[in-house]
Amino acid sequence: MCGIVGYVGSKQALDVIVNGLRRLEYRGYDSAGVAIISDGALVVRKKAGKLANLETLIGSDPMPDSTTGIGHTRWATHGGPTDRNAHPHVSEDGRVAVIHNGIIENFAGLRAELTAAGVVLASETDTEVVAHLLAHSLPEADGDLAEAMRRTCRRLEGAFTLVCIDRTQPDLVVAARRNSPLVVGLGEGENFVASDVAAFVDHTRSALELGQDQVVAIRPDSVVVTDFAGEPVETRPFHVDWDTSAAEKGGYDLYMLKEIAEQPRAVADSLRGRISKDHRIQLDASEAEDAALRAVTKVVVIACGTAAHAGMVAKYAIEHWTRLPVEVELASEFRYRDPIVGPDTLVIAISQSGETMDTLMALRHAKAQGAKTLAICNTVGSTIPRESDAVLYTYAGPEISVASTKAFLTQIIAAYLVGLYLAQVRGSMFEDEIRGILEELDSMPSKVDLVLDTTEPVRALARELASSTSVLFLGRHVGFPVALEGALKLKELAYMHAEGFAAGELKHGPIALIEEGVPVIVIVPSPRGRSVLHDKIVSNIQEVRARGARVIAIAEEGDEVIAEFADHVIRIPAVPTLMQPLVATVPLQVFACEMATARGLDVDQPRNLAKSVTVE
Ligand code: AGP
């Protein structure tokens, strides 16, 4: 999963590219590099580490003026994060430079073929084979770089966004995509290619999304798109409706803090326009789609990481509202377990980025089995919604920090809307029941706001516990996936062992982990909803405290019982059971963020991680 930028126009290509890469650095930061064309020569600079390392290199070894170039920030897949493996990669004859996002699955055979032909490979990467194949294809293509790209792509298997330049054609950038994102920025006398619109939105908000197995050739005054066979393809430009300020930190020290604070608006925006004045769900579904939903006998959610936790929360609600069985499957496991999926299955793919390869491949498997597919996604025009039968976008706005926060809450909102819509079209709930829940959802932005106003005790606790070696999280019912999500946040941000448990599972083994002073964070169910759950979790708290645990209870206002059993109580607004994940998760996000900050770690770009994992 990498950041990619290509530019051709009248500006200094290096400036445009480096600024674009800076906006994409969240996509990968193992190394960075640029290539420009100057006086018929390729000029390349590349360096392991973050973009700043590349800028330092260029500062000490300046590059000439140029108006054509490509740039790359890398998340390593094949070959370690070294200078040698950094992109761009150049063909042996020095004519072509190429950058790549994805994985060339048949690269080993191609490397062997090139080696046998006497090519000396300079890196360990899969990408380098593309540079050599392009150079070898140019003569057969009569020097047509786009045709050379098409010929090369027809030999490749796997997932790739490729962008290349040819030193003999200084006003041309050619790109191709299969299973990996690529957007084209349409400017005046200039054009761009990038893995994300954030790279060029400073220059133009007119863009088009390249489709599967397509090649684009951009010049300052032309954009030509074909398929891999060379046939022209109709394109659909779109307007980018957020500017870079939305993707900037907006005054916060961290993208994560900004995105945690944006959650009330994100929830409100994701509800907006989907509830009619007479409190019915309106999702722009056709009558045929409604009929298909009435025929559904099972729902399967496929997702990864935080998105999977959102699916687990939604399971409780959708089963309760529709009486349909809901299976939540880790996407990376789904297609390898020979799942039972057919035309009467609704498969819901939840993904913030819309590019997670595990989820995309699971989606394709489900489609091949005839399932109806619906994407819940935060990235307009990304691959997963484009390959689904329908999509319900979350409107959380760009989520830059690697740790997912506002996407999680809005994924729950969207999944709830799907569940209520299913109940509405299938008649499994009375209209007034649906109306009541919609009114609860309507109140959630303000409830989340209340939590955000009372986070100081959580921050103080995080700083106090910063030297802990392990933290456990307990929850019941919808609190269980919240416990998993709290543990994931702590793992990925503070690099600390953390584990979430169904509280009832503790006595079946994990309680052996409890010893003096171990912090245990407990998501306490409302005493008003299912009081039996509240009573059970109080027992669980007593079990761990008896063994020396330090108990931090996330409990609703007015729950006075819990105060006598917990060492600390973090208060959240009293909300109905199914709404609690939307408020209980926020303190856990803040806790993990503060813990990582106290530990001096890189909160927005944690080690080993990337914002969107576009490799399996
Ligand atoms: C969450 O904090 C992680 N960044 C990760 O688990 C993420 O949720 C997962 O990779 C799925 O990403 P997606 O929503 O873009 O598909």
Counting only pairs under 3.5 Å, give me each side-chain donor-acceptor contact of residues 427-442, with atom names and distances, residues two or more places apart or in other chains.
from, atom 1, to, atom 2, distance (Å)
S428, OG, W321, O, 2.7
E433, OE1, F430, N, 2.6

Mind listing the side-chain donor-acceptor pairs of residues 586-593 below 3.5 Å, one per line with the distance, residues two or more places apart or on another chain?
from, atom 1, to, atom 2, distance (Å)
Q589, OE1, Q263, NE2, 2.8
Q589, NE2, Q263, OE1, 3.1

Distance-only criterion, 3.5 Å: show the donor-acceptor pairs between side-chain atoms of residues 474-481 and protein atoms not counting sequence neighbours.
from, atom 1, to, atom 2, distance (Å)
R476, NE, N540, OD1, 3.1
R476, NH2, N540, OD1, 3.3

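A donor and an acceptor atom, one from each side chain of T356 and D358, are nowhere located under 3.5 Å apart.
Annotation for D338: atom CG does not count as buried by contact number, only 12 or fewer foreign heavy atoms lying within 6.0 Å. Shown here is H320, whose NE2 atom has no more than 12 heavy atoms of other residues, nucleotides or ligands within 6.0 Å.
Shown here are the ring-ring contact (aromatic ring centres under 6.0 Å, His included) partners of H534, two or more places apart in sequence or in another chain: there are none.
A side-chain donor-acceptor contact under 3.5 Å links K367 to the backbone of E387. Although no hydrogens or angles enter the test, the distance criterion places a donor-acceptor pair under 3.5 Å between the side chain of S353 and the main chain of E355.
Two residues are said to be in side-chain contact when any heavy atoms from C-beta on lie closer than 4.5 Å; L363 and S388 meet this criterion. Contact annotation: the side chain of I552 approaches that of L465 to within less than 4.5 Å [non-hydrogen atoms, C-beta and beyond]. Using a 4.5 Å heavy-atom cutoff, the side chains of V301 and E329 are not in contact.
K406 and E399 are not joined by a salt bridge, as no carboxylate oxygen comes within less than 4.0 angstrom of a charged side-chain nitrogen.
Identified under the side chain to side chain donor-acceptor pair (under 3.5 Å) test for residues 504-522, with sequence neighbours left out: none. Sorted by first and then second residue, the side chain to side chain donor-acceptor pair (under 3.5 Å) pairs involving residues 298-307 (not counting sequence neighbours) are K298-E327, T306-E485, T306-K489.
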Dump the intermediate steps for side chain to side chain donor-acceptor pair (under 3.5 Å) on N378 and Y395, then the final yes or no. CA-CA 6 Å; N378 193 47; Y395 292 111; over 6 Å; no
